[in-house]
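What's counted below: heavy atoms across the whole structure, side chains too, no hydrogens, waters or symmetry copies. Naming: A, B, ... by sequence-line order, numbering from 1 per chain. Keep in mind that what you see is a predicted model, and the values were worked out from it rather than measured.
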Number of protein chains: 2
Amino acid sequence: MSNLKGRGHCQSCQIRHLSIFAQLPMDRLIEIQAFQPSVVTYSADETVYYQGDASLNAFTLRKGLVKLIKTLPNGRTQIVRVLRTGDLFGFDGFAGESYNHTAIPLSEIEVCRLPLQDLTELKKQNAEIENTMMKRWIQHLREAEDMMLELGAKKAAERLASFLIRWCENNNGGWVPLPLSRAEVGELLGLTIETVSRFLSDWKRQGFLNEQRGSIQLENVDGLRKAVCANGSC
Amino acid sequence: MSNLKGRGHCQSCQIRHLSIFAQLPMDRLIEIQAFQPSVVTYSADETVYYQGDASLNAFTLRKGLVKLIKTLPNGRTQIVRVLRTGDLFGFDGFAGESYNHTAIPLSEIEVCRLPLQDLTELKKQNAEIENTMMKRWIQHLREAEDMMLELGAKKAAERLASFLIRWCENNNGGWVPLPLSRAEVGELLGLTIETVSRFLSDWKRQGFLNEQRGSIQLENVDGLRKAVCANGSC
DNA sequence: CGTCAGATTGACTAGCATCAAGGACGGTGG
DNA sequence: CCACCGTCCTTGATGCTAGTCAATCTGACG
């Protein structure tokens with residue numbers, strides 16, 4: 001089961017600089033110290049919330065990765081986003097809606113559970129929070145648009161290549177953890193396990209990348225790009 | 001060329017109830033009457049803004065429809081959203097970003113051009129505006145997630161059928177204008193003109209729908225659903 | 001060492017794209 | 001008013017991409 005680890009204190013929070021409270025000045029933090037959201041852990045086989053549940057809490061991811069998925073009645077699944085440390089999720093309640101997707105950890109995670117009611121208050125009283133949240137929504141919308149382009153206009157190899165390149169950017173040539181199974185990469189990109197596996201194998205053979213125990217290394221990004229995105233397709 | 005039609009007055013605006021100013025009480029409207037955004041018209045062969053342009057204005061659509069598109073260097077295009085009366089678009093500047101997509105009218109349109117600087121002021125001083133915008137962003141994000149599911153997890157026929165059903169909902173059995181070419185429907189759903197045309201022809205022959213000069217009528221939604229979404233796929 | 005989940009690989013197939021030819025329709029100019 | 005043109009749409013033939021099915025492999029773990 002999910003496990004209440006304790007109460008969070010914004011002032012001492014290690015990841016506050018990544019959260020929606022990043023821009024709050026210290027005196028504000030002191031003022032809101034009564035606000036002590038729950039810090040909760042989930043293991044990889046649990047679910048933070050299900051699509052359709054009433055959205056009473058938002059969450060800030062503190063440790064680990066989370067996938068947000070949508071599932072068709074027939075079982076086909078789409079990962080709509082992968083969250084990283086500091087990301088806010090589960091805020092559909094702000095629009096009076098229930099959760100639009102299911103949130104599942106990709107590993108053991110730790111989140112800060114923020115009751116929407118409290119968050120609404122804080123947001124009202126602190127323009128910085130409001131502002132940071134707005135910027136994030138716009139940013140997410142942009143990423144969603146980018147993803148629609150990936151899914152709608154690119155072929156399998158192009159999608160996979162640009163996903164890997166994005167995943168590994170800012171890390172040029174080094175090893176990057178990729179804690180997604182082949183199935184999950186497939187669900188993210190609208191491909192099957194086999195297709196993902198085949199391309200990765202190909203590219204390993206051609207020396208574009210290496211892989212080891214859930215980590216990946218892009219050895220030759222330009223080569224990969226040239227091989228896959230010949231005509232400027234990614 | 002785009003054509004400046006005059007100045008907008010929120011108090012007398014016919015479509016204000018659909019806009020981000022819908023929730024503003026009358027006394028607020030009177031206070032902000034100095035705010036008179038430009039009302040501008042564009043014809044179908046113009047562009048409101050291009051992906052990459054600096055985002056200095058947001059827009060509210062007053063008349064007509066607009067498509068937001070993203071294009072790959074090789075020319076493949078994805079429509080990421082189709083806008084309707086009252087929709088706000090072009091607000092990337094709020095996040096300090098340039099436009100992430102290109103906005104093109106689907107017909108002659110009329111928009112209200114809102115300088116982001118002014119809008120920021122208004123938003124700061126009127127919580128209702130802030131709130132309405134927040135709800136819309138969340139709603140758009142939800143729609144984007146839904147679209148990712150469509151593009152990533154459904155087959156051609158399923159995508160097209162659920163698009164048509166969504167387009168025609170709240171209009172059961174009646175004629176609904178569909179001012180999108182086959183090519184545009186394809187760009188929206190990640191399909192080719194031919195695939196769209198083939199399915200539509202099939203469904204017309206089977207009596208599921210009728211079409212006439214840019215309007216469509218879903219004659220037998222249940223039949224269509226049963227034929228296409230056999231296993232609960234849409 | 002056996003078991004099991006995930007990954008790989010191959011063979012085959014379905015689904016959709018591509019290429020190509022013709023049709024419908026509205027607009028223009030004689 | 002009609003012939004011509006261009007644009008969009010339809011339909012058919014063909015081929016490639018990625019999905020499906022199935023067998024085998026790998027590595028982690030008891």
What is the distance from [atom1] of [X] to [atom2] of [N], rounded to the nearest Å?
{"X": "B:Ile193", "N": "C:dA20", "atom1": "CD1", "atom2": "P", "result": "16 Å"}
{"X": "A:Leu178", "N": "C:dG6", "atom1": "CG", "atom2": "P", "result": "15 Å"}
{"X": "A:Glu158", "N": "D:dA18", "atom1": "CD", "atom2": "C1'", "result": "13 Å"}
{"X": "B:Lys154", "N": "D:dG19", "atom1": "NZ", "atom2": "C1'", "result": "19 Å"}
{"X": "A:Leu151", "N": "D:dA18", "atom1": "CG", "atom2": "C1'", "result": "15 Å"}

Out of [options], which has the shortest distance to the side chain of [X]?
{"X": "A:Ser197", "options": "C:dT9, D:dT10, C:dA17", "result": "C:dT9"}
{"X": "B:Arg198", "options": "C:dC16, D:dG12, C:dT9", "result": "D:dG12"}
{"X": "B:Glu211", "options": "D:dT10, C:dA7, D:dC21", "result": "D:dT10"}
{"X": "A:Ser181", "options": "C:dA17, C:dA7, D:dG19", "result": "C:dA7"}
{"X": "A:Arg205", "options": "C:dT9, D:dA18, D:dT11", "result": "C:dT9"}
{"X": "B:Ala156", "options": "C:dC16, C:dT8, D:dT10", "result": "C:dC16"}

>> It should be established whether B:Thr195 places a side-chain nitrogen or oxygen under 4.0 Å from OP1 or OP2 of nucleotide C:dG15.
In response: no
> For the base of D:dC9, is there a side-chain donor-acceptor partner from B:Glu194 under 3.5 Å away?
Replying inline: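 No, the side chain and the base share no sub-3.5 Å donor-acceptor pair.
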> Quick one: are A:Leu151 and A:Arg159 in side-chain contact, heavy atoms under 4.5 Å?
Replying inline: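 When only atoms from C-beta onward are counted, A:Arg159 and A:Leu151 do touch, with a gap below 4.5 Å.
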Salt bridge or not for [X] and [Y], using N-O below 4.0 Å?
{"X": "A:Glu108", "Y": "A:Lys5", "value": "no"}
{"X": "B:Arg166", "Y": "B:Glu143", "value": "no"}
{"X": "B:Lys70", "Y": "A:Glu145", "value": "no"}
{"X": "B:Asp202", "Y": "B:Arg205", "value": "yes"}

How would you label the contact of [X] with the nucleic acid (heavy atoms, under 4.0 Å): base, sugar-phosphate, or nothing?
{"X": "B:Gly214", "answer": "nothing"}
{"X": "A:Leu200", "answer": "nothing"}
{"X": "B:Arg213", "answer": "sugar-phosphate"}

>> If you assign A:Phe199 and B:Arg182 each to the DNA chain D nucleotide with the nearest heavy atom, which residue ends up on the more 5' nucleotide?
In response: B:Arg182
> Which residue, A:Lys155 or B:Leu180, contacts DNA chain D at a nucleotide closer to its 5' end, judged by nearest heavy atom?
Replying inline: B:Leu180
